[in-house]
Amino acid sequence: MPGGRVLSGLARTLRLCVALLGLVLGAVVAQLPSEPENESAKKTAGVMIIMMGLWSTEIVPLCVTGLLPLVLFPFLGVMEAREVSREYFN
């Protein structure tokens with residue numbers, strides 16, 4: 001049925017747009033100027049926005065999305081890798 005393919009293509013495009021919006025919005029939030037004491041909270045909010053976009057669209061598997069803080073928090077300086085992994089594996 002041709003109409004189903006168009007709808008499927010539209011749904012795929014919409015999912016991709018939402019995921020990209022989450023990535024861009026998360027990156028923008030993480031780069032906004034803030035007070036030094038709010039730096040970790042700002043970066044954490046950016047990671048959570050990115051995760052929200054990826055989680056809601058399921059562009060990548062949910063288990064991969066759930067592990068993003070394990071990689072991104074040490075990379076962004078929010079927490080040390082040891083602390084993050086302790087929280088994950090506790």
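Here the CZ atom belonging to Phe75 is positioned 14.5 Å from the CG atom belonging to Leu70, to the nearest 0.5 angstrom. To the nearest 0.5 angstrom, Thr57 atom OG1 is 13.5 Å from Arg12 atom CZ. From Ile49, atom CD1 reaches atom CG of Leu21 across 9.5 Å, with rounding to the nearest 0.5 Å. Interatomic distance, CZ of Arg15 versus CG of Leu20, reported as 12.0 Å (0.5 Å rounding). To the nearest 0.5 Å, atoms CE (Met52) and OG1 (Thr65) are separated by 12.0 Å.
Taking the side chain as every heavy atom from C-beta outward, Leu68 and Phe73 never approach each other to under 4.5 Å. Annotation: side chain of Tyr88 is in contact with side chain of Pro69 (closest heavy-atom distance under 4.5 Å).
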Please output the side-chain donor-acceptor pairs of residues 77-85 that fall under 3.5 Å, not counting sequence neighbours, one pair per line with the distance.
| residue | atom | partner | partner atom | Å |
| --- | --- | --- | --- | --- |
| Ser85 | OG | Ala81 | O | 2.9 |
| Ser85 | OG | Arg82 | O | 3.1 |

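In the hydrophobic clustering of ILVMFWY residues, with side-chain heavy atoms under 4.5 Å counting as a link, Leu14 and Val24 come out apart. No continuous path of hydrophobic side-chain contacts links Val29 to Leu23 [ILVMFWY only; heavy atoms under 4.5 Å]. Note: the hydrophobic cluster containing Leu62 does not contain Val71 (ILVMFWY, side chain heavy atoms under 4.5 Å, direct or indirect links). Under the 4.5 Å side-chain heavy-atom criterion for Ile, Leu, Val, Met, Phe, Trp and Tyr, Leu32 and Leu25 are members of distinct hydrophobic clusters. Val18 and Val47 fall into different hydrophobic clusters, where Ile, Leu, Val, Met, Phe, Trp and Tyr side chains are chained together by heavy-atom contacts under 4.5 Å.
Of all heavy-atom pairs spanning Ile50 and Gly26, the tightest one is CG1-CA, 3.8 Å.
Without hydrogens or angle criteria, Lys43 side chain to Leu76 main chain gives a donor-acceptor distance under 3.5 Å.
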